[in-house]
**Q** 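To start, I am sharing the structure in question, which I have written as C-alpha cells.
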Amino acid sequence: MLAEQTLGRWAAGVGAIVLAVSGVFGGWEKAEGPPPTGPGVAIDGGTWTVTLHDARLVGELGPMKLPRKENHWLAVVATIEVKTDETRPISGVIQLPETAGIDNDEDGLTSARDVMLMRDATIISQLHPGMPEKVVFFWEREKNSPVPSELRLVVTAWEYRENSLTQGNEWFPNEDAYTVASVPVLDKRDATASASPTTGPRPTPSTTPTARPSGSTSPRPTASARPSS
Amino acid sequence: MSEAGRHRKLGPLQRFFVRAGSVILVISALSVGNVVIKFTPGTDELGRPFLRAGEVSDKVDVREFEMTVLSARVGSVIKAPNKWEHDTQGKWVVLRVRLMMHRQARIVRYAAVHDARERIFHFSDRLDQPLVDGSRLLQPGIAVEADVAFEVPIDAVGLTARFAVNGTEFNRRLDAMSEIALPVPETAFLSPEPIAIAPLEVKP
C-alpha cells in the first residue's frame with residue numbers, strides 16, 4: 001500500500017517535470033492550423049514560393065499548339081519565386097490530382113505538359129533564384145469534359161538532404177510538405193479563339209523544353225497571341 | 001570459506017563510481033565522435049570539382065576540353081538568332097565562348113554563372129543554346145564558338161563562368177570545371193539596345 005502511494009507520487013512528479021520542460025520549449029503554445037491556400041496566397045514549397053492566381057480553359061495560345069485540335073488547354077497561372085541558391089526546374093512545381101478530362105498519370109499526380117513564361121510567351125523549364133516570374137502551366141483537356149467552377153491542385157515541395165546511397169546531398173520530393181489548394185476556373189476558350197492570329201506561322205510547342213532543336217527559325221508569337229495577365 | 005578465486009565484493013560507493021565512470025566513458029566517446037564528424041569534410045566537399053581558374057581571353061585547360069571566354073556583354077534585352085527578343089527583370093550576361101575537346105568527342109552539359117553570394121544561375125532556356133544544352137557533340141581538335149546567355153538578377157556581382165562536361169551534381173564530383181572571372185560591372189544602367197546572339201560557328 002505504501003509502495004503504491006510512493007510510486008504514484010513519483011509518477012505525478014515525473015509528469016509535472018515533463019509538462020514543465022515541454023512548456024519551456026513551446027509545448028503549451030497554441031497549435032497553428034494548416035497554412036492558408038488559394039488565389040493570391042504565397043504557398044511555401046520549401047524550394048520555392050508559389051502564388052496561385054487562377055485556372056483558365058483556353059484554346060491554342062502562343063506556342064501552345066493542341067496535339068488534338070478538338071481539345072483545349074487547362075492553364076494554371078501562378079507566380080513562382082525560387083528560394084534556393086541555384087536555378088531549379090519548375091515543370092513539377094504544380095501538379096494535378098485525379099482530374100476529370102485530364103490524361104492522369106498512374107501515380108496520382110500529373111505534371112503539366114509545358115510551362116510558359118508570361119513575360120514573352122516562351123516555353124521554359126527552369127527559373128532562377130531572386131527572379132520571381134509569372135508563368136502558366138498547361139494540361140491538355142478533353143473537349144466534352146464538364147467545366148468545373150474550381151480546380152484542386154497540388155503545390156509540391158522539395159528538400160535538400162543526404163542520399164543514403166551516395167552520401168551526398170541531393171534534392172528529393174518532400175511529400176509531407178505538399179500543399180493542396182483550389183483556384184477558380186475561368187472559361188476563356190472563346191476569347192483565345194478570337195485572339196489567335198490568323199496569318200503567319202507560330203512556334204510549335206516543345207515537349208522537351210530543355211533540348212530544343214538548334215537553328216530554330218520559328219518567329220516570336222505576336223502580342224495578340226500572348227496570354228492576357 | 002576461502003575467498004580465493006572470487007571477485008571482491010564492492011561497496012555501495014564503489015559501485016556508484018564504477019557506474020558513473022561507465023556513463024562518463026560512453027558520453028566522452030560519443031562527444032569525441034561527434035567532434036570528429038563535425039570537422040570531417042562531407043562527401044559533397046570531398047568530391048567538389050577541381051576549379052581551373054582564368055580570366056577573359058585566357059585559354060583554360062578544363063581537363064577534357066580547352067575553354068576561352070572571348071568577351072562578356074551585359075544588357076537588358078537579347079536578340080536570339082531566330083530574331084526573337086527577350087527582356088528580363090534582371091540583366092543578361094552574354095559570353096562569347098570558344099570550346100575545343102582534347103582527345104574525345106564530348107558534350108558540355110554544365111554551363112552556369114556563379115555570383116559572389118554563391119548563387120548559381122544556369123544558362124537560359126528561353127532561347128536555343130546548342131553549345132551547352134546537350135545537343136552539340138564537340139569533336140576533338142575542332143574549336144567551336146558561340147554566344148551563351150545567362151539571366152541573372154541586377155544585384156548579382158562578382159560573377160564567374162563555370163563550364164564542365166558533366167551536367168548532374170553527382171557526375172560533377174571530382175570533375176574539372178572552369179572558373180573564369182567575368183568583368184561585369186556593378187551598374188544600374190543597362191543599355192536597352194538588344195544584344196545580338198550570334199549563331200554557333202566552327203572556328204578551326
Side-chain angles (χ1 to χ4, degrees), chain A residues 62-63 79 81-91 114-135 160-171 201-204 206 208-223 226, chain B residues 41-48 77-91 93 107 109-115 117-136 146 150-156 162 167-173 199-200:
Chain A
T79 299
E81 178 172 11
V82 172
K83 290 162 54 187
T84 60
D85 285 339
E86 185 169 4
T87 300
R88 292 285 300 150
I90 57 158
S91 56
D114 271 319
V115 184
M116 186 171 77
L117 184 68
M118 287 285 269
R119 178 180 293 279
D120 61 2
T122 49
I123 303 300
I124 59 167
S125 63
Q126 62 182 21
L127 282 176
H128 309 289
M131 305 179 80
E133 291 282 4
K134 202 169 189 179
V135 295
Y160 196 63
R161 61 175 168 81
E162 186 180 286
N163 183 334
S164 57
L165 190 65
T166 65
Q167 307 295 309
N169 289 310
E170 294 173 27
W171 289 104
R202 285 182 298 174
T204 52
S206 164
T208 52
T210 53
R212 285 181 285 177
S214 60
S216 167
T217 54
S218 50
R220 183 181 184 175
T222 58
R226 290 183 217 157
Chain B
T43 307
D44 288 343
E45 197 176 343
L46 287 172
R48 66 187 186 277
V77 183
I78 58 169
K79 186 180 230 178
N82 62 6
K83 307 301 178 198
W84 284 28
E85 288 186 6
H86 303 275
D87 64 350
T88 176
Q89 62 179 291
K91 57 190 175 191
V93 176
I107 293 171
R109 295 184 187 275
Y110 183 80
V113 163
H114 294 214
D115 77 351
R117 289 165 56 185
E118 298 187 349
R119 293 181 297 181
I120 301 170
F121 306 94
H122 293 204
F123 68 90
S124 176
D125 67 345
R126 293 174 61 189
L127 67 161
D128 294 329
Q129 306 227 53
L131 186 64
V132 289
D133 68 6
S135 61
R136 182 74 183 201
F150 302 87
E151 196 179 2
V152 302
I154 285 286
D155 63 358
R162 311 278 181 105
T168 66
E169 197 169 326
F170 180 75
N171 288 334
R172 281 200 306 276
R173 286 183 183 173
L200 184 147

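Just so we're on the same page: letters track the sequence lines, and every chain starts at 1. Worth saying up front: this structure is predicted, and the values here are computed from it rather than measured.
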**Q** Give a yes or no on whether the backbone of B/F123 and the side-chain of A/Q126 come within a donor-acceptor separation of less than 3.5 Å.
**A**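 Yes.
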**Q** Are the side chain of B/D125 and the backbone of A/I124 linked by a donor-acceptor contact shorter than 3.5 Å?
**A**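 Flag not set: sc B/D125 to bb A/I124 has no pair under 3.5 Å.
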**Q** Can you list everything that forms a side chain to side chain contact (heavy atoms under 4.5 Å, CB included) with A/D85? Sequence neighbours excluded, please.
**A**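 Residues passing side chain to side chain contact (heavy atoms under 4.5 Å, CB included) with A/D85: B/R119.
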**Q** Could you have a look at B/P153, B/A156, B/G90 and say which one has the most heavy-atom pairs with chain A under 4.5 angstrom?
**A**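 Among the listed options, the one with the most contacts to chain A is B/P153.
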**Q** Just jot down the side chain to side chain contact (heavy atoms under 4.5 Å, CB included) partners of A/R161, sequence neighbours excluded, or say none.
**A**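 Applying side chain to side chain contact (heavy atoms under 4.5 Å, CB included) to A/R161 gives A/E159, A/F172.
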**Q** Please tell me if the side chains of B/H86 and A/R119 come closer than 4.5 Å, counting only heavy atoms from C-beta onward.
**A**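 Sidechains of A/R119 and B/H86: no contact.
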**Q** Under a 3.5 Å distance rule, please check whether B/E151 uses its side chain to pair with a backbone N or O of A/M131 as donor and acceptor.
**A**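 Such a contact is absent between B/E151 side chain and A/M131 backbone.
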**Q** Check whether B/R173 gets within reach of chain A through its side chain, its backbone, both or neither, counting any heavy atom under 4.5 Å.
**A**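 Answer is side chain: those atoms of B/R173 sit under 4.5 Å from chain A.
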**Q** What is the distance from atom CD of A/E170 to atom CG of B/D44, rounded to the nearest 0.5 Å?
**A**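 Reported value, rounded in 0.5 Å steps: 8.5 Å.
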**Q** For the OG atom of A/S125 and the CZ atom of B/R126, what is their distance to the nearest 0.5 Å?
**A**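 Result: 12.5 Å between the selected atoms.
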**Q** Pair A/T122, B/W84 - check side chain to side chain contact (heavy atoms under 4.5 Å, CB included), show working.
**A** CA-CA 10 Å; A/T122 49; B/W84 284 28; 3.3 Å; yes
**Q** Atom CD in A/Q167, atom OG1 in B/T43: separation rounded to 0.5 Å?
**A**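 Rounded to the nearest 0.5 Å, the CD-OG1 separation comes out at 5.5 Å.
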**Q** Report the option among A/V82, A/N169, A/N163 that has the most heavy-atom pairs separated by less than 4.5 Å from atoms of chain B.
**A**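 Most pairs with chain B among the choices: A/N169.
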**Q** Tell me, for B/Q89 versus chain A, whether the close heavy atoms (under 4.5 Å) come from the side chain, the backbone, both or neither.
**A**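 Interface part for B/Q89: both.
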**Q** Do you know the tightest heavy-atom contact between B/F121 and A/H128?
**A**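 So the two residues come closest at CD2-CB, 3.9 Å.
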